[in-house]
Protein chains: 2
Amino acid sequence: MVTIKQIADLCGVSRGTVDRVINERGNVKTETRDLVLNVIKKLEYRPNPAGKALSARKNNPVVGILIPAEGNPFFDDVIRGIKTAAEKYEIYGLNILFHTTRGYNIRAQLQILDELKNKINALIISPINDPLIINKINEFVDEGIFVVTLNNDADESHRHCYVGSNYVNGGETAGALLQMIAPPKANIGIIMGSSKILGHRQRLKGFEYSINKNNDFRIIDIQENDDDDICSYDKTREMIIRYPEINALFIVAAGVYGACRAVLSLNRQDNLTILAFDTVPTTIEMMKNHVIKAVIYQHPYRQGQRAMQIIFEYLVNGIDPDKTKHIMKNEIKILENL
Amino acid sequence: MVTIKQIADLCGVSRGTVDRVINERGNVKTETRDLVLNVIKKLEYRPNPAGKALSARKNNPVVGILIPAEGNPFFDDVIRGIKTAAEKYEIYGLNILFHTTRGYNIRAQLQILDELKNKINALIISPINDPLIINKINEFVDEGIFVVTLNNDADESHRHCYVGSNYVNGGETAGALLQMIAPPKANIGIIMGSSKILGHRQRLKGFEYSINKNNDFRIIDIQENDDDDICSYDKTREMIIRYPEINALFIVAAGVYGACRAVLSLNRQDNLTILAFDTVPTTIEMMKNHVIKAVIYQHPYRQGQRAMQIIFEYLVNGIDPDKTKHIMKNEIKILENL
DNA sequence: CTGAAAGCGCTTACAG
DNA sequence: CTGAAAGCGCTTACAG
């Protein structure tokens, strides 16, 4: 374990100077800088995060969090992950400012972002993919705020990291699974949230890619429910009544409960194979009732936890993230391994 | 953020005394002890792990690791998890002594444990469930060594933590999944490792529990392959030849490759539904060849990582683990979500 | 451009 | 039974 003190002694300079070199604070003669850098390299110096964390106590770093969680139980586990991690890191002096919005409202996101701007050192956001939001994220980055996108990426922006799932792969996995668990010849109805939402389009794309490889599987109809359970109920009912040959249902996003209730209202639960995403309580209920066969799961708790961890390591331990995309695997959950 | 200094000032004692109370080092008058404890409680004092980590640098803590990994590729990912974490923690002064054995050899485990005993502060072990090993673990615990069992528990011992999966649930999940992906009426052949190994027995139990709920599914035969691919090949061939009605194969532990090769040698891959555990390279190969339909996955990388993390937090940050059993979920993997 | 000193929160001898 | 001091590895004013 090499320390700054050792580097300083070996180079015949003070620890302050070594610190200036390591952290690129300037005000160092080129020659001494080169000397220090060489010794650092030769001794494979790595800073001790505990030392960093201790002196970072004076910074009182703050993380702003902005998530469209209201009315969307999917985010409950994400938030649990964030808050559990935040509690763990509180003792290091890391604090959070927690905000939620209802649905994907650009104006609401912008307003909260403006409020947060001069109060935070890092931001966790599940952004809307809109130029106004992208610009705002870039503003934050330009001011030295560390930005992590969570569950939904904004890769056109200059955000530092994304934590979330691979949506195309989620759809593809769902498609392949459905071919295993549905009857040999299946007519599929699809209920999606909104084609305006990137993740939903990507899941659909992956699903279609997978299904189209199989001549015995056909997609009969696709309807949008705007992530609303009542709308989902109506649209699903209409779809199943109109196309009674449908024997498999793929629910791309929210509105799972409404869709299942529609199936139940038509008493079709025993001859319809239903596949959905995420393990919100109403979905688990429908799995227990054997209405939903399986779901694709994207580790929501770990998503929240990981986002906080990345920021903690950056702000407190002074460690840069090792990659920009932190992708949680899509898992298959049935009742038994929930 | 309350610090020891603040507690000391408020109580009118020195920081040394507060430290003595917090860490129960004795040599404190009962009255001062009570006073300090009260203030600590009132102010909700939590020690700052960074401070602890820094002063722990002088301890040079060492973790012994003992895993029956030789010739068992399952452990490759577990070890990757351990080593990646160990590298991350090295800078804090935490070092490891890494040992493996071939198979479950009691004598070999005991010998390495004796070698390690006076060199380590913590132990990660995937123990054999034998009284000799249990006793040895208890010896370690009695000497103040922090013991974590990994992937296989020894809950009759005094080990501090277990990190691993729930084997009964793994079998149950496999059974439920098989009922979804096998033909409506299935005759099942089972290839297990050894009934001497607890985890294998537990998986079998969970599987049988799940299968026995279904009158259309029957278990035709159970053979043991001793986790050996050649043996697995022979036993599987014999089984399938003897019971040609078998149309589903459940492989409980290792020897997956041998079993699959047996199926291929009899050209039965297209009318046999094969289910196995874990994603070792040869298993993935057989999934790509569409010989294996699905596997149950137990997060091996995270198991290794978590074991190291628990020990790091204990030894370096001075944080006791929040629970004794750290169970990784059983996940279902198909080719698409590997 | 550089160094000496103090401080972050904890623990550890040492002295009494 | 208790306190003062030094140290773990880093950063931050401050002085020159």
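Per chain, numbering begins at 1; letters A, B, ... match sequence-line order.
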Side chains of D155(B) and R159(B) in contact at under 4.5 Å (non-hydrogen atoms): yes
Sugar-phosphate only, base, or nothing, as touched by P49(A) at under 4.0 Å among non-hydrogen atoms: nothing
5' priority, DNA chain D, between Y45(A) and T30(B) [closest heavy atom]: T30(B)
Rounded distance in Å - NZ (K5(B)) to P (dG7(C)): 10 Å
Ring centre gap for H299(A) and Y297(A) strictly below 6.0 Å: yes
NZ/NE/NH1/NH2 to OD/OE distance under 4.0 Å, D77(B) and R80(B): yes
Derivation and outcome, side chain to side chain donor-acceptor pair (under 3.5 Å), residues T101(A) and Q109(A): CA-CA 7 Å; T101(A) 58; Q109(A) 278 210 346; 4.8 Å; no
d(CZ, R15(B); P, dG7(C)) in whole Å: 11 Å
Whole-Å distance separating the CD1 atom of I91(A) from the P atom of dC8(C): 14 Å
d(CG, L94(B); C1', dC8(D)) in whole Å: 16 Å
Touch class at under 4.0 angstrom, heavy-atom based, for K58(A) against every strand present: base
Short side-chain N/O contact from N48(A) to OP1 or OP2 of dC8(D), under 4.0 Å: no
Nucleotide of dT2(D), dT11(C), dC10(D) approaching R25(B) most closely (side-chain heavy atoms): dT11(C)
R57(A) side-chain proximity, nearest of dG9(C), dT12(D), dG3(C): dG9(C)
I22(B) CD1 to dT12(C) C1', straight-line distance once rounded to whole Å: 15 Å
dT2(C) OP1/OP2 closer than 4.0 Å to side-chain N/O of T17(A): no
Nearest-nucleotide 5' precedence on DNA chain D, M1(A) against N59(A): M1(A)
Nearest-nucleotide pick for R20(B), side chain only, options being dC10(C), dT2(D), dG7(C): dT2(D)
From dT11(C), dG3(D), dC8(C), nucleotide with atom closest to V13(B) side chain: dG3(D)
Under-4.0 Å side-chain N/O to phosphate OP1/OP2 contact, Y92(A) with dC10(C): no
Length of the CG-P vector between N317(A) and dC10(D), whole Å: 12 Å
dT2(D) phosphate, OP1 or OP2, under 4.0 Å from T32(B) side-chain N/O: yes
Candidates dC10(D), dC10(C), dG3(C) - which lies nearest the side chain of S55(A): dC10(D)
Approximate separation, where rounding is to 0.5 Å, of F98(B) CZ and I82(B) CD1: 6.0 Å
Selection from dT2(D), dG3(C), dT11(C) that lies nearest to any side-chain heavy atom of N23(B): dT11(C)
Nucleotide dT11(C), atom C1' - distance to CD of E24(B) in whole Å: 16 Å
Whole angstrom value for the distance that separates C1' of dT11(D) from CD1 of I4(A): 8 Å
Side-chain N or O of K52(B) closer than 4.0 Å to phosphate OP1/OP2 of dT11(C): yes
Residue closer to the 5' end of DNA chain C, G51(A) versus G26(A) (nearest nucleotide): G26(A)
Any strand: nucleotide that pairs with dA4(D) via Watson-Crick or wobble, under 3.5 Å: none
Carboxylate-amine/guanidinium contact E139(B) K117(B), below 4.0 Å: yes
Pairing partner of dA13(D) (Watson-Crick or G-U wobble, both distances under 3.5 Å): none
